[in-house]
Amino acid sequence: MPERIIYLDHAATTALDRRVLEAMMPYLTTEYGNASSIYTLGRHAMQAIDHSREQVAELLNCRAAEIAFVGCGSESDNLALKGLAFAAQKKGKHIITTPIEHHAVLHTCHYLERFGFQTTYLPVDEYGRVNPEDVERAITDETILVSVMYANNEVGTIQPIAEIGRICRAHKVAFHVDAVQAGGLLPLDVHALNVDMLSLSAHKFYGPKGVGILYVRQGVRILPQLQGGSQERGRRAGTENVAGIVGAATAFELAQREFPQAVERMQALRDRLIEGVLRIPDARLTGHPTERLANNASFCFRGVEGESILLSLDMHGIAASTGSACTSGVVDPSHVLVAMGISDEWSRGSLRLTLGKDNTEEDVEKVLTVLPEIVEKVRSLAL
Ligand SMILES: Cc1ncc(COP(=O)(O)O)c(C=O)c1O
């Protein structure tokens, strides 16, 4: 096994930034109070949460009261969708989303369908882009919610969020955006984006795992999905994860402040990766050629299994990902690639390389050295 891991799976998770760990440490050690307690130790915890909420609000250009801290990105999506659907069901039971959302949104829609909600899954083009006109056409008198992700986790395609938001607002329909892949990579001003609800997850931008953020615009009513105490202004019961919240806010601040420079660097590495990988025979880029995340280089190789490529890359110390999921021994092609109209023959050989702030040119060159041989070998074995 090579000594240093070349980590190219930042869409899956990221390493905790040292500065974030330092900010969290007091709340994991000496400042252990429960934020609901009225004595000094408790008040310190509450002050740290209040400060974190203000920090996040400032970065999103919203009010602190509009921010709720939750347990992960999936919970943030769940709370937005179920919370709004159950609160607005007297008005209507129609939800609009896309077939390329993360399962945290798709499975929540399936769950809501069991309670009589109907979902329209908008088409996407070959690059995974939604046409805002399709959103407008799908809205009916029954529509209460539109949920479209900012950027896709598999292929990196960025959606025209501000435009979709404008349409939703004109029709008085709530608009939720899963921005989990956008933290530290895209601008996140909720007013410029015309969104009513927005979800983030700290572990995607060098923060701790197990902390999600939900922005809910003032005036948008959601029903809590966890019953218990009145934490998070009654939106989410449970003793606050103070260290996690402080870590999430610190990481978000660092990520959003540093993102213009980080994006410029990653984009150059991404473009080099794309250019090099596309020289491999029967390789194609997946996702939009330009409207894509600065750190995402994703591909399909015809006639190979993505898992075999991953295992071979792992032997070279390279950590990457494939979109397909292995369920009971059968490899299912990714729902994202299927929705984009990519055939089985190609979609089974998907590979996602997602860069981070510490990747170097050497990392990219190493991938470009070993990958062509790996694909050739895996392909010859599959014949
Ligand atoms: C687009 C998107 N939404 C939601 C999630 C879920 O976030 P979490 O892992 O924090 O539950 C992910 C995680 O991969 C994601 O990529």
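For clarity, every value in this text was computed on a predicted model and none was experimentally measured.
- Between the CD atom of E154 and the CG atom of L337 there is a distance of 5.5 Å, given to the nearest 0.5 Å.
- Using a 4.5 Å cut-off between side-chain heavy atoms of Ile, Leu, Val, Met, Phe, Trp and Tyr, with links allowed through other members, L293 and V177 fall into the same hydrophobic cluster.
- Side chains of Q118 and H94: no donor on one and acceptor on the other come within 3.5 Å.
- Side-chain contact check for E291 versus R129: some heavy-atom pair is nearer than 4.5 Å.
- Residues that satisfy the side-chain contact (heavy atoms from CB on, under 4.5 Å) test with T354, not counting sequence neighbours, are D9, H10, A11, N295, N296, R352.
- Judged by distance alone, with hydrogens and angles left aside, the side-chain atoms of Q256 form a donor-acceptor pair with the main-chain N or O of G184 at under 3.5 Å.
- Within the 4.5 Å cutoff, side-chain heavy atoms of I6 are placed close to those of L8.
- A search for side-chain contact (heavy atoms from CB on, under 4.5 Å) contacts involving E361 returns L269, not counting sequence neighbours.
- Ring to ring, F252 and F205 are close: their centroids are under 6.0 angstrom apart.
- T157 and H288 share no side-chain donor-acceptor pair at under 3.5 Å.
- Taken together through direct or relayed side-chain contacts under 4.5 Å among Ile, Leu, Val, Met, Phe, Trp and Tyr, I213 and L198 form part of one hydrophobic cluster.
- Taking 4.5 Å as the limit, some side-chain heavy atom of K82 sits within range of a side-chain heavy atom of T108.
- Salt bridge status for K93 with E113: absent, with no side-chain N to carboxylate O gap under 4.0 Å.
- Residues V211 and A248 share a closest heavy-atom pair of CG1-CB, 3.8 Å.
- In summary, E264 and K357 do not engage in a salt bridge, as defined by a charged side-chain N under 4.0 Å from a carboxylate O.
- S199 and D178 form no side-chain donor-acceptor contact under 3.5 Å, judged by distance and modelled atom types alone.
- Taking a cutoff of 4.0 Å between a charged side-chain nitrogen and a carboxylate oxygen, E253 and R257 qualify as a salt bridge.
- Considering E232, E66, E58 in turn, E232 is the only one that fulfils the salt bridge (Lys or Arg N to Asp or Glu O under 4.0 Å) rule with R53.
- The backbone N or O of N153 sits nowhere less than 3.5 Å from a side-chain atom of H102 that would complete a donor-acceptor pair.
- Residue R4 holds its CZ atom at 10.5 Å from CD1 of I318, rounded to the nearest 0.5 Å.
- Donor-acceptor pairing under 3.5 Å is recorded for the side chains of Q218 and R63.
- Here the shortest heavy-atom pairing between G207 and T14 reads N-OG1, 4.4 Å.
- Between E376 and R379 there is no salt bridge, since none of the side-chain N atoms of the basic residue sits less than 4.0 Å from a carboxylate O of the acidic one.
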Steps toward side-chain hydrogen bond (donor to acceptor under 3.5 Å, both in side chains) verdict (T140, T143):
CA-CA 5 Å; T140 70; T143 312; 3.3 Å; yes

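- No salt bridge links E307 with R348; every basic N to acidic carboxylate O contact stays at or beyond 4.0 Å.
- Remark: Q267 pairs with no residue by the side chain to side chain donor-acceptor pair (under 3.5 Å) rule, at least two apart or across chains.
- Judged by distance alone, the side chains of S74 and D77 never bring a donor and an acceptor atom under 3.5 Å apart.
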